[in-house]
Structure formats: structure tokens, C-alpha cells
Amino acid sequence: MGDASAGGYEDGGGVFGSGGGEGASTQSGGSPPPPASASGSGSGGAGGVVNEDLNIPAAPEAQDPYTRFAYLCGDGCTPGGEPTECSSDGGASTGTGLPAAQTLHCQLVLDDGDAIPSCRPAGRFEAGGPCHSGADCAAGLGCVAADGEGGVCRQYCCGHVESCAAGTYCDERPMAESVVEASARAPVPIPVCVPAMNCELLNDSVCPTGLTCTIVREDGTTSCVVPGEGRADERCPCAPGFVCSMLTNQCKQLCRIDSRAPECGAGAKCQGGSAIYPAGFGVCVSTS
């Protein structure tokens, strides 16, 4: 089953989603080592969604839509960022007790219910490979929960959401170790690149029950996501049949250009012509 997210963003060169669950993945290359019993060490950072007796971080009200997941990645090095952030100065030691030749990368580790960035050794599993924690994944990758047991390595997208590889899109997923260790705490979301399902807009029969097809990238990539409640000109995330404009954070109604736009009703037309919309689709705009 594929990945799902809530809502979708369009207009002005960007399309995104959030929420949902990680689909099962089939991999090869062996199994990762069993998970460690202790959580990662360190201090600072944010991003944990926890019980009501603890602070729950919220997305900033005014944020750059292209870096809208950065708040989940804490303060310090940037997971998936420049490798030089965790490089040694060339001495015999890295200052972490590891030999200078050890490859380090910035990864999110679980510390007292929060995801915090820390320079750690890179694991051996590439994107799509199995994992119990971020320690199992190669540089630039985090470990997120998959359907069933264990997790799957996915590319971080803590910086620019359009940094994801073709065929994937940036979204929140539960940190695998936070699911394993969860008791009173809720799973901790982190931003990773998830596979797009390439569904047909305005045809939710192609999506798993409860999901809707929407645009998830600025190149018109689509995927099945968990819908919001926003309708025309209302705040995102959006209901089925609508897409979220990055320029206004408001929902726009999707329509078919070749059907005289019955979705738009009187006094409106279907306007497309942008790479953001798949061929034959657009959004309803007023003709008055």
C-alpha cells in the first residue's frame, strides 16, 4: 500500500502534503541489527508530538512553504543537509569518540520524546531499505515506521521540500523508534520523501478507502492523501476535489478542462495551462 498525506498545495510553484501512514516496503540486502533499548542522547531540538502533559510543537504561523517542515527537525545540523556539517576538521579524532575516518551524517535521534539532530555514523541501508532506527540508514536518510513491523529508510526533507527525488514527495511520517518506544507518548513525526501513487485527480476510486487524490508536487505529481476539510477559499488542508494554493494557503476547486467544467458551476470556468496541473485539469476561477 502506498503512502498517504493530508491536503495538497498548488500554485506559485509548489505542491505538498502532510500526515498519513507509511506503506509497506519490500527490500533486499538482509535485515538491520535489532533496535537499541536506549534512546538517542543529546539536547535541544523539537518536533515531538507528545501527551497533553508535555509541550506539543506547532508549525509557525508565518512560514516559507518550501521549508514548512523545518520546525520538525530541531536546531543544529540539518538532516539531509550538507555533509560538511558533520565532517571532521582533519584531526585524528572527530570529537565524538569515533575515528576520523568514520563517516558521519546529520540524523534525527529520539531523545526524551523529541526528534533532535545529531552527527552520527551512517548506516548501510539505502532508501527503501529496512531499519529499526536512523542508525541503520545511509547518509541523508531517516527511519520511519512502515505498515507492519519495523521501518523503512527514507530521504530527509528538512530543508526545501522540492529536494525529494522524482516520483516522491515531502511529507511527515512517524519516526520508527518513536513507534517502538511509544507508551504514554505519541509517535514523533519527521519529514521524509515518500513514494507518490500517481493517481487520477477527481477519481478517488483509485485510492484506498478514506484517501483522496491530489497534487503533491510543483511538477504536477499526484498521490492519494488523507483529506482535510477546506473548500473553495477556505484554509488548507483541503477536502476531496480541492487543492491548496501555496500563495494564499486557501483551497481551490479542481476541475476537468475538457468537460466544460461542471464542477465549477455558473459564473466560473476551469483554468489550467500550468505545469502544476496534470494535462486536462485546472482549478475553477470566477468569470465575473
Side-chain angles (χ1 to χ4, degrees), residues 9 13-16 18 32 39-48 57 59-60 62-111 114-129 131 133-144 151-173 175-178 188-195 216-219 221 246:
Y9 287 75
V15 193
F16 315 92
S18 62
S39 63
S41 61
S43 60
Q63 56 182 319
D64 180 347
Y66 287 102
T67 57
R68 69 193 187 95
F69 290 119
Y71 77 100
L72 293 175
C73 298
D75 298 320
C77 62
T78 302
E82 292 296 327
T84 54
E85 288 188 284
C86 291
S87 64
S88 167
D89 291 332
S93 173
T94 62
T96 62
L98 297 166
Q102 178 78 62
T103 300
L104 302 181
H105 77 120
C106 186
Q107 65 179 252
L108 290 172
V109 298
L110 189 64
D111 181 32
D114 286 332
I116 65 167
S118 178
C119 292
R120 299 294 178 93
R124 66 189 181 95
F125 290 95
E126 299 295 336
C131 58
S133 73
D136 300 319
C137 300
L141 309 179
C143 183
V144 294
V152 59
C153 296
R154 297 288 188 211
Q155 177 188 345
Y156 287 119
C157 50
C158 291
H160 200 293
V161 294
E162 286 294 324
S163 65
C164 290
T168 66
Y169 65 102
C170 188
D171 199 7
E172 298 175 21
R173 290 292 182 270
M175 193 176 185
E177 46 265 63
S178 75
V188 177
I190 61 174
V192 293
C193 302
V194 296
V216 292
R217 289 199 68 166
E218 65 180 5
D219 62 0
T221 297
M246 286 183 62

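Proximity of a side-chain donor or acceptor of Glu162 to a complementary backbone N or O of Glu218 within less than 3.5 Å is detected. Under the 3.5 Å distance criterion, the side-chain polar atoms of Arg217 are matched with a main-chain donor or acceptor of Cys164. Under a 3.5 Å cut-off, the side chain of Asp114 and the backbone N or O of Asp111 do not form any donor-acceptor pair. Of the possible donor and acceptor atoms, none in the side chain of Tyr156 sits under 3.5 Å from a partner among the backbone N and O of Cys106.
Checked against Val144 for a side chain to side chain contact (heavy atoms under 4.5 Å, CB included), the options Arg173, Glu177, Met175 give a single hit: Arg173.
Cysteines Cys143 and Cys131: SG-SG separation is under 2.5 Å. In this structure, cysteines Cys157 and Cys170 have SG atoms closer than 2.5 angstrom. A distance below 2.5 Å between sulfur gamma atoms is not met by Cys77 and Cys86.
Across all their heavy atoms, Asp75 and Pro117 have their closest contact at O-CG, 3.2 Å. Counting all heavy atoms, side chain and backbone alike, Cys73 lies closest to Leu108 at O-CD2, 3.6 Å. Across all their heavy atoms, Glu172 and Pro189 have their closest contact at OE1-CB, 3.7 Å.
Every residue meeting the side chain to side chain contact (heavy atoms under 4.5 Å, CB included) condition with Ala139, not counting sequence neighbours, appears here in chain and number order: His105, Ala122. Partners of Ala165 by side chain to side chain contact (heavy atoms under 4.5 Å, CB included), not counting sequence neighbours, listed by chain and number: Gln155, Thr168.
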Side chain to side chain contact (heavy atoms under 4.5 Å, CB included) between Phe69 and Asp171: does it pass, once the steps are laid out?
CA-CA 8 Å; Phe69 290 119; Asp171 199 7; 4.2 Å; yes
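If you take SG on Cys153 and CZ on Arg124, they are separated by 10.0 Å, rounding to the nearest 0.5 Å.
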